[in-house]
There are 2 protein chains.
Amino acid sequence: MPSDTRDKLLAHAEILVRTRGYAGFSYADLAEAIGIRKASIHHHFPTKEDLGVALVEAYGRRYDRALAEIERASADGLKRVEAYAALYLHGVTEEQGCLVAAMATELGILPEPMRRGVAEFFERHIAWLTRVLAEARANGTVRKDVTPAHHARMIVAALEGALLMERLLGGAAGFRDTLSALRKSLRQTPPSPLPSGRTRTAPTQARRRERARS
Amino acid sequence: MPSDTRDKLLAHAEILVRTRGYAGFSYADLAEAIGIRKASIHHHFPTKEDLGVALVEAYGRRYDRALAEIERASADGLKRVEAYAALYLHGVTEEQGCLVAAMATELGILPEPMRRGVAEFFERHIAWLTRVLAEARANGTVRKDVTPAHHARMIVAALEGALLMERLLGGAAGFRDTLSALRKSLRQTPPSPLPSGRTRTAPTQARRRERARS
DNA sequence: GACGAACTACCTTTCAGTCGGTAGGCAACC
DNA sequence: GGTTGCCTACCGACTGAAAGGTAGTTCGTC
């Protein structure tokens with residue numbers, strides 16, 4: 001029965017990491033954000049590392065549930081990949097990066113348990129996509145020349161990279177451009193003048209938004 | 001006439017950012033790394049932000065030179081993309097992420113001038129790749145259904161993402177898997193049993209390497 | 001009365017940045 | 001040819017703020 005405060009801490013800490021990075025936020029920031037004293041955070045998470053590990057775990061579990069739901073909701077391989085990509089798109093619209101990506105960039109100062117958690121996150125996603133693609137390839141949903149294991153890696157990389165980049169550049173529109181290219185690399189037919197999916201070239205303009213550090 | 005010390009500062013600061021992130025290193029770290037006193041760094045870069053901006057500028061210029069060299073060295077569109085990807089591959093083998101990617105993850109605490117520099121870096125690369133792909137498509141080197149602007153975004157995203165991820169996971173082998181998938185998305189012919197390029201599925205195993213923080 | 005969850009008060013270390021000063025180089029001027 | 005003045009490069013010593021973390025206490029609830 002996880003306490004209400006603990007959940008609030010996790011939720012807000014996640015936002016902080018996803019917008020500023022792991023080294024870029026402090027217990028003081030977090031305390032102020034949820035209206036509690038700094039010392040009280042230590043009651044729930046004795047060290048920042050404990051909090052970091054809990055964050056990766058919670059984030060990973062949430063994604064695991066999402067992947068299961070995607071598989072349940074659609075049997076079509078391409079739609080599954082599309083739904084998977086939509087998870088990242090949400091990050092763009094909410095102006096929040098990927099938690100594990102943020103941690104991965106600080107690899108050099110990342111405590112081992114967090115490092116392991118981050119690696120496992122990526123591995124699970126690659127494995128899942130590999131399975132989805134293999135299935136889709138078997139029943140002809142995606143091109144035969146797609147190597148599931150390779151393409152899975154490429155898709156995760158492209159989505160992580162696009163989320164990272166498009167928060168600064170074209171926003172959702174830019175992200176969808178990457179998605180459109182990704183779609184073409186999977187789809188069976190050399191496309192007839194398909195009407196689905198948007199095509200507009202993104203404005204590619206830095207959208208500045210002030211976000212003062214208190 | 002940029003002093004020797006200034007160059008050393010830039011070189012070492014770059015390494016620190018690329019392994020720990022921008023918020024993850026301090027003037028003290030940097031001072032110790034090049035054997036100088038902390039106060040002396042302020043002589044060359046009055047504030048950390050000044051250093052950050054200089055880093056992005058130097059990094060960007062180095063890449064600009066590399067792009068020009070790639071264009072000079074080969075006229076083949078696919079080979080150009082391949083050479084571009086090799087730049088990222090070096091990051092993997094040297095266990096260093098991308099400087100601007102590291103900065104982009106800390107968007108929420110990034111001073112505006114740095115943010116602008118990072119955005120411009122990505123924009124230049126996308127523009128360059130768009131041009132290269134458009135040319136390649138025109139002379140039949142890459143598939144006709146490739147939309148240069150979209151594919152360019154996807155390529156940068158995939159390479160940034162792969163560099164981020166594969167430092168933790170499969171290393172160079174994992175990176176090359178993504179590359180192989182990328183290649184297939186561009187190449188003209190539904191591939192005959194091509195012998196080029198490696199195919200091995202990467203071990204996908206976290207390679208831990210201790211890197212104590214002094 | 002034991003326990004969970006929060007608090008006040010404090011600790012040490014590190015952070016970016018400041019200050020005044022030193023040592024050497026270089027050129028002008030008398 | 002010595003002195004004066006200014007420059008770059010660096011230093012030791014320092015500052016106030018912020019970092020992560022600790023100790024001991026209070027308060028409400030089973």
Side-chain angles (χ1 to χ4, degrees), chain A residues 1-17 19-56 102-103 106 108-115 211-214, chain B residues 1-17 19-56 102-103 106 108-115 211-214:
Chain A
M1 201 129 302
S3 86
D4 187 52
T5 304
R6 195 189 134 95
D7 289 344
K8 272 203 258 183
L9 283 169
L10 281 174
H12 275 86
E14 184 183 310
I15 293 174
L16 288 172
V17 175
T19 51
R20 310 171 162 195
Y22 178 68
F25 88 98
S26 71
Y27 268 32
D29 295 327
L30 184 52
E32 200 200 7
I34 73 161
I36 212 180
R37 295 298 157 179
K38 191 166 67 83
S40 309
I41 303 181
H42 287 282
H43 173 71
H44 298 277
F45 303 100
T47 71
K48 202 185 180 187
E49 177 178 335
D50 292 328
L51 173 56
V53 171
L55 280 173
V56 183
M103 290 174 173
E106 294 169 27
I109 45 170
L110 216 61
E112 242 296 303
M114 288 178 63
R115 201 185 290 213
R211 195 163 359 190
R213 176 120 142 83
S214 124
Chain B
M1 197 131 306
S3 87
D4 187 52
T5 305
R6 196 190 134 96
D7 289 343
K8 272 203 257 182
L9 283 169
L10 281 174
H12 276 85
E14 184 184 310
I15 293 174
L16 288 172
V17 175
T19 50
R20 309 170 164 196
Y22 177 69
F25 88 98
S26 71
Y27 268 31
D29 296 327
L30 184 53
E32 201 200 6
I34 72 159
I36 212 181
R37 293 298 155 181
K38 194 167 66 80
S40 309
I41 303 181
H42 286 281
H43 172 70
H44 298 276
F45 304 99
T47 71
K48 202 184 180 188
E49 177 178 334
D50 292 326
L51 173 57
V53 171
L55 280 173
V56 182
M103 289 173 174
E106 294 169 27
I109 47 170
L110 216 61
E112 242 297 303
M114 289 178 64
R115 202 185 289 213
R211 196 163 357 190
R213 176 121 141 84
S214 121

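All values below come from the heavy atoms of this structure, side chains included, with hydrogens, waters and symmetry mates left out. Order of the sequence lines fixes the chain letters, A, B, ..., with proteins taken first and strands second; residue numbering starts at 1 for each chain.
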Side-chain N or O of B:Ser40 closer than 4.0 Å to phosphate OP1/OP2 of D:dC11:
yes

If the condition is side-chain contact (heavy atoms from CB on, under 4.5 Å), which residues does A:Ala23 pass it with, not counting sequence neighbours?
A:Glu106, A:Ile109, B:Ala23

Choosing from D:dG20, D:dT8, D:dG12, which nucleotide comes nearest the side chain of B:His43?
D:dT8

Testing C:dA6, D:dG20, C:dT8 for proximity to the side chain of A:His44, the answer is C:dA6

Send over the distance from A:Phe25 CZ to D:dG20 P, rounded to a whole Å.
7 Å

Taking side-chain contact (heavy atoms from CB on, under 4.5 Å) as the test, write out the residues that go with B:Ala31, two or more places apart.
B:Ile36, B:Lys38, B:Ile41

Going by side-chain contact (heavy atoms from CB on, under 4.5 Å), name the residues that satisfy it together with B:Ala13, two or more places apart in sequence or in a different chain.
B:Leu30, B:Leu51, B:Leu55

Length of the CG-C1' vector between B:Asp4 and D:dC10, whole Å:
14 Å

Qualifying residues under side-chain hydrogen bond (donor to acceptor under 3.5 Å, both in side chains), relative to A:Thr47, sequence neighbours excluded:
A:Asp50

Roughly how far, to the nearest 0.5 Å, is CZ of B:Phe25 from OG1 of B:Thr19?
10.0 Å

In whole angstroms, the gap separating P of D:dA19 from CD1 of B:Ile109 amounts to 11 Å

Taking ring-ring contact (aromatic ring centres under 6.0 Å, His included) as the definition, give me every residue that meets it alongside B:His42, ordered by chain and number, with sequence neighbours left out.
B:Tyr27

Of the listed nucleotides D:dG20, C:dA6, D:dC11, the one nearest the side chain of A:Ile36
C:dA6

I need the CG-P distance between B:Leu9 and D:dA9, as an integer number of Å.
11 Å

Whole-Å gap separating P (D:dA19) and CZ (A:Arg37)
15 Å

N/O contacts under 3.5 Å, protein versus nucleotides 17-23 of chain C?
unit_1: C:dG17; atom_1: OP2; unit_2: B:Lys48; atom_2: N; d: 2.8
unit_1: C:dG17; atom_1: N7; unit_2: B:Lys38; atom_2: NZ; d: 3.4
unit_1: C:dG17; atom_1: N7; unit_2: B:His42; atom_2: NE2; d: 3.1
unit_1: C:dG17; atom_1: O6; unit_2: B:Lys38; atom_2: NZ; d: 2.5

So, OP1 or OP2 of D:dA9: does either fall under 4.0 Å of a side-chain N or O from B:Thr5?
no

